[in-house]
Structures are given as C-alpha cells and as structure tokens.
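Everything quoted here is computed from the prediction, not taken from an experiment.
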Amino acid sequence: MKVQRSTFFAVNGKSNLHHFHSTQGNPISELESREFVSKLLDRKWGLQSPSTQIQQISVSSAKVTCKEQGIGKFSFFNNTRPNLGDEVSKEKQGSSFYILRDDLLHPLVNGNKARKLDALLPLLQDHKVTDLVTCGGCQSAHTAAVAVSCAERGLRSHLLLRGEQPEVLTGYNLVSTMYGNVEYIPRSRYANREEMLRTHADLVAGEDGSVLWARDIVEGLEAMDAARMDDFSNSKSSPRRKVLIVNEGAGDALALLGMFRLVQYLSQDHLLGKKSPVKFVVDAGTGTTAVGLGVAAMSLGLPWEINAVMLADTLEKYKRHEDRLIKEFTRQFLPSIVCSSLDMIKWVDRRNRRKFGKVLEGEVEMCRRIAQETGVLVDPMYTLAAWETATELVQDERSSIVVMLHTGGTLGMFGLAQRYKSCFTNLKD
C-alpha cells in the first residue's frame with residue numbers, strides 16, 4: 001500500500017497540539033485548545049445527537065476451496081455490542097477493527113453526508129434561506145442528502161447533476177429527483193463548477209433575490225452591513241428568494257464542524273477515550289471528511305492517525321484540498337491562531353487502483369459476502385475500499401485500535417446495479 005503524508009508521524013500517544021500557534025508564535029496549550037473546541041461546538045446542530053452505533057468486526061482466515069486474493073481469504077464476524085472504554089485497549093491485540101455505523105443515521109441522509117451538513121442545516125433556518133443550490137454526479141449521495149434535508153425543513157433545493165439523465169431513475173438519482181429540483185448539466189459546462197453554481201443561483205434568485213455562498217454566512221456575518229443583513233435575514237416580510245450555494249460534496253470548512261462533534265463524542269472515556277492510539281480509516285471522495293477528522297483529532301490533542309483511502313483524485317489534488325480547507329477553517333474559526341499542515345493524515349492508495357467509478361471483477365461478490373457474514377452493507381465504489389484497508393491494518397497492527405467510519409452510500413448500489421448489470425446478475429454462492 002502506498003502511503004503519502006506531509007511529514008513522518010508515529011502514533012505514540014503524544015499530543016498533536018504542536019500544530020497550533022498563536023499569531024505571535026506562542027504554542028497553544030491543551031486547555032486552550034479544549035476551550036476552543038467547546039466554544040466551537042456550542043451551536044445548533046442538524047442531528048439530534050452525535051452518537052453512532054459502534055460495532056466490532058473480527059477478521060479470521062476463511063475456509064475456501066479455491067485460492068482467494070486480497071480480503072477474499074478472510075471471513076468476518078460482527079459483534080454488535082462490543083466492550084468499549086477501558087476494555088478497548090485490553091482487546092486490541094485481537095485481529096479485529098471497530099466500525100462506526102454512520103450508514104444507520106437516517107434512512108436517506110446518512111454517513112459522512114449527514115455529518116457534513118450537521119452545522120449547516122440550522123444556519124439555513126436561522127438566516128431564512130429559501131433555496132439551496134448545489135451539484136454532484138448523477139448518483140451523488142450529497143445532492144440526495146441536501147434534497148431530503150431541505151424538503152424536511154420546507155426549503156427548495158436545486159441540484160445540478162453532471163452528465164445525462166439515465167434511462168431509468170434509481171438510487172440517489174431517484175431520491176434527488178423526488179425531493180429536489182434536478183437539472184442535468186453537460187460535462188463541459190460542469191467542469192467550471194463555481195461559475196455554473198453562481199449562474200444558476202442568480203437565475204433562481206431573480207432580480208430581487210439574494211445569493212450567498214455557504215462560506216459567506218460564516219466569514220461575512222459580522223461584516224455585513226445592516227441593510228444587507230436585513231435583506232438576507234428577515235423572514236416573512238418579503239417574498240424575495242434568499243439563495244445559498246453549497247459546494248460539491250459540501251466541501252467547505254463549515255462541513256468540518258460535524259467531524260469535530262463526532263470526534264469529541266468518540267473521545268469520551270467510555271468509548272474510544274483520549275489516550276489510546278487509534279488508526280482511523282475512511283474512504284476519500286473529496287477528502288473533506290478525512291481533513292475534518294484530522295483537524296478535530298489535532299485540536300483535541302488525540303493520538304489518532306487518519307488513513308484516507310484516495311478514490312477520486314491524485315495525491316497532489318487531495319493535498320491541495322487539505323491545505324485550502326485548513327486555511328479556510330483557521331480564517332473562519334481560528335482568526336488568532338496559525339495551524340500548520342496535518343501530518344496525522346495519511347493519504348493512501350486503494351489496494352487495487354483504478355479509474356474512479358470502475359468496479360473490478362469479484363468486488364460485488366465480496367460486498368455480498370461481507371453483508372451475509374456481518375449484516376453490514378458496503379459498496380464497491382467507496383466503503384469496500386475502507387473495509388479493505390481496515391482489514392489490512394489489523395493484520396499488521398497490534399499497538400493501535402483500528403476504527404473504520406462507514407460513510408454510507410447504500411443507495412449507490414442501485415445505480416451500480418444499473419451500470420454494471422453483469423456483476424449483479426451473475427451473483428452466486
């Protein structure tokens with residue numbers, strides 16, 4: 001497995017707060033950092049609770065009649081009620097990993113999509129937003145999550161999907177269509193996302209409406225003049241539309257706050273705790289979730305390492321996205337603090353590299369086997385990659401706890417079944 005990170009980092013239980021300095025160059029203490037996190041999390045949230053089900057997957061050699069490759073040579077067993085707290089460190093010598101079942105957060109809005117919208121959704125209502133514009137691929141779980149979340153709050157969503165409308169609507173594409181207003185965008189136009197989003201938002205707002213980006217709510221809130229604030233925040237006095245633009249995949253610094261809330265929850269003593277070294281595993285689409293976990297772990301001084309499995313882009317582009325998010329986050333939430341790059345994030349290649357969106361032979365069968373043995377449904381595009389990496393880590397790692405974040409994506413299987421018919425029609429024991 002190829003591993004890339006900014007500098008060498010060994011999980012040894014030491015604090016990661018050396019990344020934080022004041023603008024005068026003074027290091028930030030652990031107490032100051034925890035106070036900052038406490039203030040950061042003192043806000044309204046979309047999810048009623050940060051909690052998630054934690055299960056334990058045991059890994060053992062499979063009894064197979066043919067020569068299996070990769071994780072196919074293993075069998076899995078799910079302990080749905082594992083011992084946590086102090087018992088976690090006592091049991092870590094076994095060949096197992098923990099899995100955070102964020103795929104069970106909501107029937108349609110689950111996984112990291114729910115976490116990335118956690119801090120944003122209350123702001124939509126607080127600032128009387130009437131319409132939200134965002135974009136994604138044809139089977140985007142993000143656009144589906146936005147569509148459902150907006151509909152639940154009486155807001156209109158406008159979803160710009162890349163490419164052509166499929167012959168049969170299914171999976172996340174069907175959810176987006178049922179809950180939101182979908183428009184298919186030619187790939188050539190979609191390539192310039194910022195211009196595409198802004199143009200469509202202006203169209204939705206009309207001549208008298210207001211348009212803001214998600215980052216504007218955080219960065220420009222105090223600087224807005226009274227007239228503009230009135231225009232954007234007064235609710236029922238005017239029929240004018242108030243349109244908010246959210247980047248593809250909710251790839252904004254605001255999305256990181258949901259990861260802070262999750263990490264603080266998990267670091268409680270009766271769960272994963274604050275002292276035991278943890279190797280986190282997450283599949284990386286845009287990479288926003290991995291950066292959020294890394295910044296949160298660093299802020300809380302946790303001895304955690306984030307293994308982000310690169311799926312959709314090059315290492316250079318993931319690092320660029322990481323740097324942009326860190327700068328945006330410190331500008332919006334840490335104006336008096338300087339944050340260096342995150343050496344606890346390891347950007348790793350998928351075991352079997354391929355062009356994004358491609359499903360390899362045997363992967364659907366592997367997903368089926370995992371589902372039958374554990375009751376956990378993973379998909380070959382995203383979460384199977386994280387499962388593979390977690391399985392590999394527990395074979396090599398005995399000093400750290402391995403934890404996989406299930407990022408959802410269940411309905412994506414329906415879209416894959418339409419696209420890769422032979423992989424699903426040929427399923428057999």
Using modelled atom types only, decide if a donor and an acceptor are shared between the side chain of [X] and the backbone of [Y] within a distance under 3.5 Å.
X      : Y      : value
Arg419 : Ala417 : no
Thr143 : Ser140 : yes
Gln53  : Thr80  : no
Ser276 : Leu272 : no
Gln332 : Val218 : no
Asp216 : Trp213 : yes
Thr199 : Met196 : no
Asn110 : His106 : yes
His406 : Leu377 : yes
Arg153 : Ser149 : yes

| request: Check the pair Arg261 / Asp118 against salt bridge (Lys or Arg N to Asp or Glu O under 4.0 Å), numbers first and verdict last. | output: CA-CA 9 Å; Arg261 193 183 184 207; Asp118 201 7; 3.0 Å; yes
| query | Centres of the Phe329 and Phe260 rings: under 6.0 Å? | reply | yes
If you round to the nearest 0.5 Å, how far is [atom2] of [Y] from [atom1] of [X]?
X      : Y      : atom1 : atom2 : result
Arg241 : Thr130 : CZ    : OG1   : 6.0 Å
Ser51  : Leu100 : OG    : CG    : 11.5 Å
Cys423 : Lys421 : SG    : NZ    : 12.5 Å
Phe280 : Ile345 : CZ    : CD1   : 12.0 Å
Leu132 : Asn181 : CG    : CG    : 11.5 Å
Gln56  : Thr374 : CD    : OG1   : 13.0 Å

Are the charged groups of [X] and [Y] less than 4.0 angstrom apart, N to O?
X      : Y      : answer
Glu388 : Arg351 : no
Glu305 : Lys346 : yes
Glu363 : Arg368 : no
Glu328 : Arg324 : yes
Arg369 : Glu373 : yes

If you look at every heavy atom in [X] and [Y], which pair is closest and at what distance?
X      : Y      : result
Val378 : Trp387 : CG1-CE3, 3.9 Å
Leu159 : Ala147 : CD1-CB, 3.7 Å
Cys367 : Asp379 : SG-C, 3.7 Å
Lys113 : Ala145 : CB-CB, 3.9 Å
Arg187 : Gly163 : NH1-CA, 3.2 Å
Gly412 : Tyr172 : N-CE1, 3.1 Å

| Just one of Asp283, Thr383, Asn112 clears the side chain to side chain donor-acceptor pair (under 3.5 Å) bar with Thr407, so which one? | Asp283
| Set of ring pair (Phe, Tyr, Trp, His ring centres under 6.0 Å) partners for Phe356, sequence neighbours left out |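 Residues passing ring pair (Phe, Tyr, Trp, His ring centres under 6.0 Å) with Phe356: Tyr382.
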| remark: Applying ring pair (Phe, Tyr, Trp, His ring centres under 6.0 Å) to Tyr190 and not counting sequence neighbours gives none
Test item: [X] and [Y] side chains (from C-beta on) under 4.5 Å apart, heavy atoms:
X      : Y      : result
Phe333 : Leu256 : no
Arg215 : Asn247 : yes
Val281 : Phe97  : no
Val376 : Arg101 : yes
Thr288 : Lys116 : yes
Glu248 : Leu197 : no
Ile217 : His127 : yes
Gln395 : Ser95  : yes

| request: Determine, step by step, whether His200 and Arg198 satisfy the side-chain contact (heavy atoms from CB on, under 4.5 Å) criterion, reporting the C-alpha distance in whole Å, the side-chain angles of both residues, the deciding distance to 0.1 Å, and the verdict. | output: CA-CA 5 Å; His200 195 81; Arg198 180 69 204 207; over 6 Å; no
| task | Apply the test side-chain hydrogen bond (donor to acceptor under 3.5 Å, both in side chains) to residues Asp323 and Tyr318: give CA-CA distance (whole Å), side-chain angles for both, the deciding distance (0.1 Å), then the verdict. | result | CA-CA 9 Å; Asp323 291 341; Tyr318 276 114; over 6 Å; no
| message | Tell me if the CZ atom of Phe414 is crowded by more than 12 foreign heavy atoms within 6.0 Å. | response | no
| In terms of heavy-atom contacts, does OH of Tyr179 have more than 12 from other residues, nucleotides or ligands at under 6.0 Å? | no
| query | Taking only residues two or more places apart in sequence or in another chain, which ones pass side chain to side chain contact (heavy atoms under 4.5 Å, CB included) with Ala119? | reply |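 Once residues adjacent in sequence are excluded, the partners of Ala119 under the side chain to side chain contact (heavy atoms under 4.5 Å, CB included) criterion are Arg43, Trp45, Leu254, Leu257.
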| field | Val243 and Val129: CA distance, side-chain angles, deciding distance, side-chain contact (heavy atoms from CB on, under 4.5 Å) verdict | value | CA-CA 6 Å; Val243 184; Val129 172; over 6 Å; no
| Given the rule in the side-chain contact (heavy atoms from CB on, under 4.5 Å) test, do Leu120 and Leu244 qualify, once you have shown the distances and angles that lead to the verdict? | CA-CA 11 Å; Leu120 173 66; Leu244 188 72; 3.9 Å; yes
| query | Going through the checks in order, is the side-chain contact (heavy atoms from CB on, under 4.5 Å) test met by Ser61 and Lys73? | reply | CA-CA 6 Å; Ser61 297; Lys73 60 188 177 185; over 6 Å; no
| said: Quiz question: by atom type and distance under 3.5 Å, do the side chains of Gln55 and Asn78 form a donor-acceptor pair? | reply: yes
Could you tell me which residues satisfy salt bridge (Lys or Arg N to Asp or Glu O under 4.0 Å) with [X], sequence neighbours excluded, listed by chain and number?
X      : value
Lys317 : Asp313
Lys44  : Asp126
Glu194 : none

